[in-house]
Amino acid sequence: WAVASALQTERFYDLVGSLSYWTLVLRARTFRSEAEGGLSIRQQVCSACVLAWSLRLGTFLAVRGWKYGDSRFDKVKANPKKFLVYWLVQGVWVLLT
């Protein structure tokens, strides 16, 4: 948020969201792998699907945002406090889903 706010850009907002999913899924896999028995087939398939989906969606959104920008942020990116709310909501959304 701090870098995006200083530069007044939303260009890497979606990329950060996708990387957040990757971080959480890979960390969850690591925690489970360290436990007895490791990951079940279902857990491996589910986490692989989430990683694939977040890669596909994150890439699409990041490329689109980089090329064309994102009109959702036009009114808020000049106001750091409002811009922070968008970033925090993204973090909560990633954590809850």
Separation between CZ (R42) and OG (S47), nearest 0.5 Å, reads 10.5 Å

Looking at every heavy atom in both S54 and S18, which two are closest together, and how far apart are they? O-OG, 2.7 Å

First locate atom SG of C46, then atom CD1 of I41, and finally report the distance between them rounded to the nearest 0.5 Å. 13.0 Å

Under 4.5 Å between any side-chain heavy atoms of L61 and L15, yes or no? no

Heavy-atom closest pair (R29 atom, Q43 atom, distance to 0.1 Å) is NH1-O, 4.5 Å

Do Y21 and L55 touch side chain to side chain, with heavy atoms closer than 4.5 Å? no

Counting C-beta onward and ignoring hydrogens, is there a side-chain heavy-atom pair between K82 and K77 closer than 4.5 Å? no

Answer yes if V25 and V45 sit in the same cluster of Ile, Leu, Val, Met, Phe, Trp and Tyr residues linked by side chain heavy atoms under 4.5 Å apart, and no otherwise. no

Between L24 and L95 the two heavy atoms that sit nearest each other are CD1-CA, 4.3 Å

Can you list the steps and then say if L51 with L26 is a side-chain contact (heavy atoms from CB on, under 4.5 Å)? CA-CA 9 Å; L51 291 173; L26 293 175; 3.9 Å; yes

Just so I know, are the side chains of W87 and V16 near enough to count as touching, which here means a heavy-atom distance under 4.5 Å? yes

Indicate if W22 and V50 have the same hydrophobic cluster label, given that clusters are the connected sets of ILVMFWY residues with side-chain heavy-atom separations under 4.5 angstrom. yes

